[in-house]
Amino acid sequence: MRRKNKRRVIFSVVFICLAIMCCIGCSQKDDKQKEKTEEKKEQTEKETEEKKKPEDGTAFQTERVHEAMVADIKISTEWIEMEEPVLVDDIFIGRMTSSGNTVWILLDEKLKEYTWSDTLTFVREIEIEEGYEEISADDNGNLYVSGFMKPMLTICDGEIVASNEGPGKTVMHKGGAFGVSSFPHSKLEKVTMNEAIAAVEPWNLMETENLSETDITENYVYVMGSDPSTDNHTVWAFDFDGNQKFVFGNKGMDNPDWLGAVTQMEETEQGFIAFDGNMRKLYFWKTDGTFVGALEDDALFGTNYPWISAATKLPDGSILVGMAEEREDESADEFLVYRMSGF
């Protein structure tokens with residue numbers, strides 16, 4: 001009996017010692033893990049501190065004029081240096097439109113008005129609620145501001161003169177009588193304006209299952225998205241009676257007119273221009289839809305991988321192009337504006 005008790009005491013002592021050693025080992029392991037976590041945290045904080053703040057960074061700079069050839073056509077751009085650098089948080093959603101010599105820019109849900117006269121001069125900021133994502137303007141000086149689940153605003157001379165429930169994200173025709181409203185995976189709608197009152201009706205141009213953007217120019221409505229049969233990014237152009245007139249893109253990666261994500265279209269006397277944010281390129285087609293060629297951002301703007309998100313045509317036929325570019329020192333992203341001519 002005494003031997004059994006003695007054995008039990010020995011086993012108990014050994015078990016307790018093993019348990020203590022295990023706890024010590026776990027504690028040491030936890031301490032090492034904690035040390036690594038603290039070191040990583042300190043390193044992250046150090047990197048954050050070392051990264052320059054926007055006000056301490058170097059603003060974007062490039063040559064004032066750039067020229068590039070697309071086929072046998074010379075395209076010229078002029079960098080429009082703003083009075084102060086325009087900083088942007090969300091690089092993908094910058095929008096720009098114009099009426100006469102008035103230009104509006106929507107960035108990070110803030111709407112600003114400028115006057116164009118060989119440069120952009122700030123006029124005022126127009127107060128709007130959060131959630132607005134699209135702007136367009138007619139030739140009468142009316143600005144239309146829209147977004148998903150937001151009333152469409154009509155603004156004139158800096159004041160909201162009308163608010164209409166019903167339209168979604170809308171781009172209006174320059175004539176001001178109608179526009180196209182869209183939302184991904186939803187049917188397109190035609191928005192008709194009558195004395196500042198908006199009416200909405202279905203506009204069954206095509207299936208919009210893979211819709212990404214819509215746009216409207218003097219003579220066409222554009223639907224951008226992926227072709228369900230090929231999965232290639234495509235731009236379909238329709239006349240205002242709903243007849244399909246052109247198909248741009250819808251090509252594979254080995255083709256020069258393979259598109260990535262077209263953010264806007266422009267119609268000119270010489271044809272069509274697609275502004276591709278994802279590919280950082282501009283694509284050009286003749287009036288009959290024949291592909292001319294493409295130009296990359298560095299050749300045309302002197303930039304380094306910007307997101308091209310906006311364009312608006314001026315009364316003289318030149319086009320203002322807007323894009324977001326990260327500064328070389330990574331201190332901020334700036335919204336840049338160029339004036340383009342030649343096509």
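Counting from 1, the numbers follow the sequence of the chain as shown.
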Visitor: Taking ring pair (Phe, Tyr, Trp, His ring centres under 6.0 Å) as the cut-off, I'd like each qualifying pair that reaches into residues 137-170, sequence neighbours left out, listed once.
Guide: F148-F183

Visitor: So, do F92 and W307 have ring centers that fall under 6.0 Å from each other?
Guide: yes

Visitor: When the ring centroid of F275 is compared with that of Y283, is the distance short of 6.0 Å?
Guide: no

Visitor: Looking at E81 and R64, is there a salt bridge between them, counting it only when a charged N and a carboxylate O are closer than 4.0 Å?
Guide: no

Visitor: Should E133 and R95 count as an ion pair when the cut-off is N to O under 4.0 Å?
Guide: no

Visitor: Only counting residues at least two apart or in another chain, list the ones meeting side chain to side chain contact (heavy atoms under 4.5 Å, CB included) with N255.
Guide: K251, D257

Visitor: Answer yes or no on whether R327 is positioned over the face of F60, meaning its NZ or CZ is under 6.0 Å from the six-membered ring centre and within 45° of the axis.
Guide: no

Visitor: Hey, is the main chain of N232 close enough, under 3.5 Å, to the side chain of D227 for a donor-acceptor pair?
Guide: no

Visitor: Partners of F335 by ring pair (Phe, Tyr, Trp, His ring centres under 6.0 Å), sequence neighbours excluded?
Guide: none

Visitor: Determine whether the aromatic ring centres of residues W79 and F301 are separated by less than 6.0 angstrom.
Guide: no

Visitor: Please determine whether a side-chain nitrogen of the Lys or Arg among E201 and K187 lies less than 4.0 Å from a carboxylate oxygen of the Asp or Glu.
Guide: no

Visitor: May I ask you to check whether Y220 and F238 place their ring centres under 6.0 Å from each other?
Guide: no

Visitor: Think K190 forms a cation-pi with F178, using NZ or CZ under 6.0 Å from the six-ring centre and within 45 degrees of its axis?
Guide: yes

